[in-house]
Amino acid sequence: MERINQIICEKRTYSKEFHSHQHAFGQFLFPLQGSLDIQTSQQELHLEPDYVFYLPPNSHHHYRSVDRNEFLILDIPVHYLPNHTESMHIRLDKQWNAIRYLLLEEADIKNGLSSLTDLTRYVTKKLQTSNPPSIDYIHKHFKEPIRLETLASIEHYHPVYYSEWFKKKTGKSPQAYILKLRLQEAEHLLLTTGWPISRISEELGFENGSSFTRWFVRHKGMAPKKYRYL
């Protein structure tokens, strides 16, 4: 198994044939050109330039690129990593684009280990503070119907494995997590707005006020109007 003691930041290309291995260090893969097919025991994904992928240590994986490609790779020894990191497929927002730009400078100019070490420590800290994409999706769409298969596909997991992963990550099932967010929003709207029940029910995605009231009573033990004037 491959091991490294020093951070490595460099550009690499991959062949069309599937290769497989695992390594005792973490790895970030930023596509610069082309794409990469990656398969692990729980995931199968097609990595493209608007995403970055984090591969944790000791994760056996198969990989190939079927087109002309170039990737920015950051190999991170385990002593820089938080304990028990998991793979993460992350869309490149402004922060991650800035990180990629700075890493590209390190790969091209090679300013020295000190600046690369500081940047790597920042990147690994984001592994602890960044929500997985499917949890971000839930927070943006919890007022709408959300299928388990949709959440699993965001993480590129099988739905059965996703449920196990989600409970380990949050302590709740996806359904319970979504329910908690909807209840919190219902309570917030009841206590901080003068909206009628019909408008609150519409805001939370219910067909009508009656269905919202039945749902609220089932989970809170009282009608919304009573909760509002406690």
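Looking only at distances, a side-chain donor or acceptor of Thr170 sits under 3.5 Å from a matching main-chain atom of Phe166. The main-chain N or O of Tyr14 is found under 3.5 Å from a side-chain atom of Asn69 such that the two form a donor-acceptor pair. When atom types are taken as modelled, the side chain of Arg218 and the backbone of Thr213 share no donor-acceptor pair closer than 3.5 angstrom.
Closest heavy-atom contact between Phe212 and Ser201: CB-CB, 3.3 Å. Across Lys16 and Val66, no two heavy atoms sit closer than the pair CE-O, 3.6 Å. The minimum heavy-atom distance between Leu204 and Ala186, with the atom names listed, is CD1-CB, 3.5 Å. The minimum heavy-atom distance between Val78 and Pro57, with the atom names listed, is CG1-CG, 3.8 Å. Residues His89 and Ile154 approach most closely at ND1-O, 4.2 Å, considering heavy atoms. Shown here for Glu48 and Ser35, the closest heavy-atom pair between the two residues is CG-CB, 4.1 Å.
Linking ILVMFWY side-chain heavy atoms closer than 4.5 Å, directly or via other members, places Leu32 and Ile73 in two distinct hydrophobic clusters. By the rule that hydrophobic residues join a cluster once side-chain heavy atoms approach within less than 4.5 Å of another member, Phe53 and Tyr80 end up as members of separate clusters. At a threshold of 4.5 Å between side-chain heavy atoms, the hydrophobic network of Ile, Leu, Val, Met, Phe, Trp and Tyr places Phe216 and Phe206 in one connected group. Linking ILVMFWY side-chain heavy atoms closer than 4.5 Å, directly or via other members, places Ile99 and Ile90 in a single hydrophobic cluster. In the hydrophobic clustering of ILVMFWY residues, with side-chain heavy atoms under 4.5 Å counting as a link, Leu55 and Phe71 come out together.
In this pair, His21 and His23 present their aromatic rings perpendicular. The plane angle is above 60°, beyond the 30 to 60° band.
In this structure, CG on Leu81 lies 6.5 Å from OG1 on Thr124, to the nearest 0.5 angstrom. Taking CZ from Arg182 and CD from Glu187, the interatomic distance works out to 13.0 Å, rounded to the nearest 0.5 Å. If you take CG on Leu47 and CG on Asp37, they are separated by 9.5 Å, rounding to the nearest 0.5 Å. How far NZ of Lys169 is from CD1 of Ile135: 7.0 Å, rounded to the nearest 0.5 Å. To the nearest 0.5 Å, the span separating NE2 on His158 from CD on Glu44 amounts to 12.0 Å. For the atom pair CD (Glu144) and CD1 (Ile178), the distance works out to 11.0 Å, reported to the nearest 0.5 Å.
Under the 4.5 Å side-chain criterion, counting only non-hydrogen atoms from C-beta, Ile8 is not in contact with Ile76. In this structure the side chain of Tyr162 never reaches within 4.5 angstrom of the side chain of Ser153, judged on heavy atoms. Contact of the Ser20 side chain with the His60 side chain is registered, since non-hydrogen atoms from C-beta on lie closer than 4.5 Å. Looking only at side-chain heavy atoms (C-beta outward), Tyr227 and Leu191 come within less than 4.5 Å of each other. In this structure, the side chains of Tyr51 and Leu92 stay at 4.5 Å or more apart for every pair of heavy atoms. Residues Lys11 and Leu104 are in side-chain contact: their nearest non-hydrogen atoms beyond the backbone lie under 4.5 Å apart. Taking 4.5 Å as the limit, some side-chain heavy atom of Ser87 sits within range of a side-chain heavy atom of Gln43. Counting only heavy atoms from C-beta outward, the side chains of Leu72 and Cys9 approach each other to under 4.5 Å.
Counted within 6.0 Å of CZ on Arg68, heavy atoms from surrounding residues, nucleotides or ligands total 12 or fewer; the atom is thus considered open. Within 6.0 Å of CG in Asn5 there are 12 or fewer heavy atoms belonging to other residues, nucleotides or ligands. The neighbour count for Lys126 NZ, taken as heavy atoms of other residues, nucleotides or ligands under 6.0 Å away, is above 12. Surrounding NE2 of His84 are at most 12 heavy atoms belonging to other residues, nucleotides or ligands under 6.0 Å away.
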Please report the C-alpha distance between Leu103 and Leu116 in whole Å, then the side-chain angles of each, then the deciding distance to 0.1 Å, and finally whether the side chain to side chain contact (heavy atoms under 4.5 Å, CB included) criterion is met.
CA-CA 8 Å; Leu103 288 171; Leu116 180 58; 4.0 Å; yes
With side chain to side chain contact (heavy atoms under 4.5 Å, CB included) as the test, would you mind laying out the steps for Leu181 and Ile138 before giving the verdict?
CA-CA 9 Å; Leu181 291 178; Ile138 288 173; 3.6 Å; yes
Show the numbers, then the answer: is there a side chain to side chain contact (heavy atoms under 4.5 Å, CB included) between Arg214 and Ser210?
CA-CA 6 Å; Arg214 288 193 298 271; Ser210 297; 3.7 Å; yes
Please test Ile146 against Tyr137 for side chain to side chain contact (heavy atoms under 4.5 Å, CB included), starting from the C-alpha separation and ending with a verdict.
CA-CA 9 Å; Ile146 300 177; Tyr137 181 90; 4.2 Å; yes
Could you walk me through whether Thr85 and Tyr54 pass the side-chain hydrogen bond (donor to acceptor under 3.5 Å, both in side chains) check?
CA-CA 9 Å; Thr85 57; Tyr54 170 71; 2.7 Å; yes
Under the salt bridge (charged side-chain N to carboxylate O under 4.0 Å, His left out) rule, what do Arg12 and Glu70 come out as? Steps first, then yes or no, please.
CA-CA 6 Å; Arg12 297 175 194 163; Glu70 185 176 43; over 6 Å; no
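Checked by atom type, the side-chain pair Asp118/Thr120 shows no donor-acceptor distance below 3.5 Å. For the 3.5 Å distance criterion, the side chains of Asp75 and Gln27 qualify, holding a donor opposite an acceptor. No side-chain donor from either of His62 and His19 sits under 3.5 Å from a side-chain acceptor of the other. Side-chain atoms of His61 and Thr40 include no donor-acceptor pair closer than 3.5 Å. Between the side chains of Glu86 and Trp165, at least one donor N or O lies within less than 3.5 Å of an accepting N or O. Between the side chains of Glu155 and Ser134, at least one donor N or O sits under 3.5 Å from an acceptor N or O.
In this structure, the ring of Trp96 has its center no less than 6.0 angstrom from the ring center of Tyr101. Checked against the 6.0 Å centroid criterion, the rings of Tyr177 and His139 qualify as a close aromatic pair.
With respect to the salt-bridge test (charged N to carboxylate O, under 4.0 angstrom), the residues Glu185 and Lys143 qualify.
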